[in-house]
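This report concerns only the one structure given below.
Only this structure's heavy atoms are used, side chains among them; waters, hydrogens and symmetry mates stay out. In each ligand, atom 1 is the first atom listed, and ligand 1 is the first ligand listed.
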Amino acid sequence: MRRTPFSPSFWRSPLRGPWLTSVLGVVLLGGITVLFVTGLLSYAAYNPDLSAVNDKTPGKGLLGFYLFAWPTDPHWLYRLTQGVHVTLGITLIPVLLAKLWSVVPKLFTLPPARSLAHALERLSLLLLVGGGLFEFVTGVLNVQLDYLFPGSFYPLHFYGAWVFFGAFAAHAALKMPVAWRNLRRMREEERTGSPGPALGPAPAPNPDPDPDPPTVSRRGALWLVGGGSLLLFGTTVGQDVDGLRWSAVLAPHGADPGDGPGGFQINKTAAYAGIGAADRSEENWRLTVTGRTGTVRLSHADLLRLPLHSSALPIACVEGWSTSDQWWRGVRLRDLAALVGHDGDPPDLFVESLQRHGSFRRAALRANQVADPRSLLALFVNGETLTPDHGHPARVIVPAAPGVLNTKWVARLTFGDLP
Ligand SMILES: Nc1nc2c(c(=O)[nH]1)N[C@H]1C(S)=C(S)[C@@H](COP(=O)(O)O)O[C@H]1N2
Ligand SMILES: [Mo]
């Protein structure tokens, strides 16, 4: 008889079994919970409830129930949450694949459903496996080939996350007691040579009826998975650490920023954004600021005559890379608000850049971000005029915010009236 994945004897690894599945399951329970929480935080950090401009998921409905005003402290907050989200996600890839491998025969068992309950269980497994693969694949593709899905990554990854985590939570609630018991039994067995009677009947050691002889021990298999994770971690984490950036060979680097004051990572260059030298010329450029008392137009020289302040702030991108603190110098956003009639208590702010196309050319900032004295319309970084690629003549920089809210090549600020 020809063997297909549907015949039980097709699967012959002696490693597949409750032990491996339980260990990997416990690791994923912790890891995926952290991914879900940091992912929800990343979503909140964009202030999607503030303005349609920030909101890529207008149909979110109740799923936005937890949104809150993203704080400006500590100033490295998004660096941390998004660094963890992306680095941990990449690190868990071997664990996820090994876990799927350890249960893959179950996906092929026949008949497809023995009862309604069994049918529901298998449907939830489909959501679990499909949802998990979908979240990891869309996440990695967004990091690697950013903007492969222009505008659609956020809804795909966001709604996918809820579907996946729903199935994941149900699965964990069902299986965790068994996994714990299996793990305790294994420990007991290793210590005393026999499983304690309190732990109930032993699970079948191996679901494959006709296993091949082993080529690697259970521990060896775990080392393989752990080693793969360690390798991915070691080639990713450098994207958040000065001095280790060279090691982040799996992380996207964008344009080479070169050395000097502007020598830190660049996401999109001025050329990519279609910003020419004439657009940015300090003689021609004007900043339009609108608020309660009307509109003022400021030249570069006008801005330089306003009080200038410095703040040390990082750039942290949704893709997981971040810079250390850079020294930005410019005009406080709240001082610009005061120029157009918002003294003391500045409102929300809508920022537009010179850029004509592209989803990140505009962003809305919340009042708490505008009010923070470290939030600047920066003209300088690390003691020099901004480079073209870092947003010359002026860019927004806000503590703890995702990079996407730090608009470059700013042309217009509108206080209080969000689109
Ligand atoms: N006008 C404009 N500003 C922008 C962007 C953009 O595409 N256009 N990209 C944003 C994103 S996604 C990030 S991560 C930061 C990157 O800043 P950097 O290139 O100076 O490091 O700029 C932000 N500001
Ligand atoms: Mo970004």
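- Side chains of Y154 and Y43: a donor-acceptor N/O pair is absent below 3.5 angstrom, by distance only.
- Heavy-atom contacts of S353 reach the following atoms of ligand 1: 1 (N) (cutoff under 4.0 Å).
- Near N406, the atoms of ligand 1 lying under 4.0 angstrom from a non-hydrogen atom of the residue are 22 (O), 23 (C), 24 (N).
- Aromatic pair W11/F108: ring centres closer than 6.0 Å.
- For F134, the CZ atom is densely surrounded, since the number of other residues' heavy atoms within 6.0 Å is greater than 12.
- Between D389 and ligand 1, no pair of N/O atoms sits closer than 3.5 Å.
- For ligand 1, the atoms sitting less than 4.0 Å from at least one non-hydrogen atom of W409 are 1 (N), 2 (C), 8 (N), numbered in the order shown with element in parentheses.
- Residue contacts with ligand 1: T407 is placed with no nitrogen or oxygen under 3.5 Å of a nitrogen or oxygen of the ligand (distance criterion only).
- A side chain to side chain donor-acceptor pair (under 3.5 Å) with H392 is found for exactly one of H300, R280, K408, namely R280.
- Taking the side-chain hydrogen bond (donor to acceptor under 3.5 Å, both in side chains) definition, one finds that R297 meets it with T288, sequence neighbours left out.
- Considering both main-chain and side-chain atoms, Q355 comes within under 3.5 Å of ligand 1 through a nitrogen or oxygen pair.
- Considering K408, R395, R362 only, the shortest heavy-atom separation from atom 19 (O) of ligand 1 involves K408.
- Taking every non-hydrogen atom of W321 and a distance limit under 4.0 Å, the qualifying atoms of ligand 1 come out as 14 (S), 21 (O).
- Close contacts between ligand 1 and I266 involve ligand atoms 19 (O), 21 (O) [criterion: under 4.0 Å to a heavy atom].
- For the pair R366 and W70, the NZ or CZ position fails the cation-pi test of under 6.0 Å to the six-membered ring centre and within 45 degrees of the ring normal.
- Proximity of the aromatic rings of F36 and W162 is defined here by a centroid distance below 6.0 angstrom, and this criterion is met.
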